[in-house]
2 protein chains.
Amino acid sequence: MEILEALPAFAALAQETRLETLSVLAKTGPKGLSAGSLAGCLGASAPTLSFHLKELTRAGLIHSRKEGRSVIYAVDYGGMRGLIDYLITDCCHGDRRLCGPYIVNPNAG
Amino acid sequence: MEILEALPAFAALAQETRLETLSVLAKTGPKGLSAGSLAGCLGASAPTLSFHLKELTRAGLIHSRKEGRSVIYAVDYGGMRGLIDYLITDCCHGDRRLCGPYIVNPNAG
DNA sequence: CTAAAATTTCCATAGTTATGGAAATATCAA
DNA sequence: TTGATATTTCCATAACTATGGAAATTTTAG
């Protein structure tokens, strides 16, 4: 992932409703949840949640599919992995002091 | 880390100059760099960089110390670890499909 | 004390983001 | 076709963010 992809992804995480949406979808897994269920579960109006789901989609962190009259949203595994990898590898250079117990490139420094 | 701490931290990463600043400071380590060196190295005006350094500080990702007439900024190891941990543990629930090669809580799901 | 250097604060401006009501679109059921 | 359901788009508004010139602050050197 390049910095110009990482920026909108971090921006997507920088908003409470979106971060909660992502957490819910991460826990839900590939089967996903409808826009309506998410709105109910998160206490947001339909237009507001639609706006945030579009932002998360644009950032590559979720994707959607249509099922009947619902739109089902699910976390995008590749996008999320890419973002975590950007943070740990490109931003923190795999430095154990920054990344703590998570991985870590033994050649970092 | 709680969500209300994570939000300003993600917002801090969602801006090109700040993300580059953090990358430079992560690579530099605890000895840090002066505000002026950073401004030169990143091509930002002094007031603009000062604004971004304040944002990064507010987010808990860097901290500063005075040395003579310079202010030296360095990455905050605890803050960065807290953020990575929030992303992997609270947001992604340690799910290997999301976190890829990093970590991973074997009881996640 | 005076001058120079390093950084921040103040300020105005332009641009971006979040919100939800109303209307539009799409799908299904009878 | 009519009506109900699900979601998005349109729109106006309020709030927030990024930028850099000018001025203020702090520190050091002479």
Side-chain angles (χ1 to χ4, degrees), chain A residues 3-25 28 31-76, chain B residues 3-25 28 31-76:
Chain A
I3 189 167
L4 293 180
E5 291 174 82
L7 290 172
F10 285 125
L13 300 182
Q15 206 281 339
E16 189 165 10
T17 301
R18 287 196 296 261
L19 192 48
E20 284 172 349
T21 298
L22 212 48
S23 173
V24 168
L25 290 181
T28 302
K31 70 181 188 301
L33 283 173
S34 70
S37 315
L38 282 164
C41 152
L42 297 166
S45 72
T48 293
L49 196 72
S50 182
F51 168 78
H52 291 309
L53 290 170
K54 195 166 64 173
E55 290 296 299
L56 286 166
T57 302
R58 193 169 63 90
L61 302 179
I62 65 174
H63 52 69
S64 61
R65 64 183 191 271
K66 263 202 116 176
E67 271 185 22
R69 53 185 115 170
S70 295
V71 178
I72 307 295
Y73 286 89
V75 70
D76 186 308
Chain B
I3 189 168
L4 292 181
E5 291 175 83
L7 291 173
F10 285 126
L13 301 182
Q15 206 282 338
E16 188 165 12
T17 301
R18 287 197 296 261
L19 192 48
E20 285 172 350
T21 299
L22 211 49
S23 173
V24 168
L25 290 180
T28 301
K31 71 180 187 299
L33 284 171
S34 71
S37 316
L38 282 165
C41 150
L42 297 167
S45 72
T48 294
L49 196 73
S50 183
F51 167 78
H52 290 309
L53 290 169
K54 196 166 65 172
E55 290 297 298
L56 286 165
T57 302
R58 192 169 64 89
L61 301 179
I62 65 174
H63 51 69
S64 61
R65 63 183 191 270
K66 267 204 113 176
E67 271 185 23
R69 55 185 113 170
S70 294
V71 179
I72 307 294
Y73 286 89
V75 70
D76 187 305

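Chain identifiers are assigned alphabetically (A, B, ...) following the order of the sequence lines, protein sequences preceding nucleic acid strands; residue numbering begins at 1 within each chain.
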What integer distance in Å separates B:Glu67:CD from D:dT28:P?
11 Å
Looking at the side chain of A:Lys54, which of C:dT8, D:dT9, D:dT7 is the nearest nucleotide?
D:dT9
From CG of A:Leu38 over to C1' of D:dT7, roughly how many Å is that when rounded to an integer?
12 Å
If only side-chain N and O atoms of A:Tyr73 are considered, is one of them under 4.0 Å from the OP1 or OP2 phosphate oxygen of D:dA6?
no
Do any side-chain nitrogens or oxygens of B:Ser34 fall under 4.0 Å of OP1 or OP2 in C:dT7?
yes
Whether B:Lys66 contacts D:dT26 is assessed here as follows: a side-chain N or O lying under 4.0 Å from the phosphate OP1 or OP2. Is that the case?
no
In whole angstrom, give the distance that lies between atom CZ of B:Arg69 and atom C1' of D:dA29.
7 Å
Non-hydrogen atoms of A:Gly32 and A:Thr28 that approach each other most closely:
O-CG2, 3.5 Å
Considering all heavy atoms, the nearest A:Leu25-A:Tyr73 contact
CD2-O, 3.4 Å
Would you mind writing out the side-chain donor-acceptor pairs for residues 5-17 of chain B within the sub-3.5 Å range, not counting sequence neighbours?
unit_1: B:Glu5; atom_1: OE2; unit_2: B:Glu2; atom_2: N; d: 3.2
unit_1: B:Gln15; atom_1: OE1; unit_2: B:Thr17; atom_2: N; d: 2.9
unit_1: B:Gln15; atom_1: OE1; unit_2: B:Arg18; atom_2: N; d: 3.1

Shortest non-hydrogen contact between B:Ile3 and A:Glu20, atoms and distance:
CD1-CG, 3.8 Å
Could you state the CG-P distance from B:Leu53 to C:dA6, rounded to the nearest angstrom?
16 Å
Which heavy atom of A:Ala35 sits nearest to which heavy atom of A:Leu53, and what is that distance?
CB-CD1, 4.1 Å
Does the protein touch nucleotides 10-24 of chain D at the base, only the backbone, or not at all? Give it as B, S and - per nucleotide, heavy atoms under 4.0 Å.
--------BBBBB--
Mind checking B:Ala35 for me? I need base, sugar-phosphate or nothing, with any heavy atom below 4.0 Å counting as a touch.
sugar-phosphate
I need the CG-P distance between B:Leu49 and C:dT9, as an integer number of Å.
13 Å
Which heavy atom of A:Ser64 sits nearest to which heavy atom of A:Val71, and what is that distance?
CB-CG1, 3.7 Å
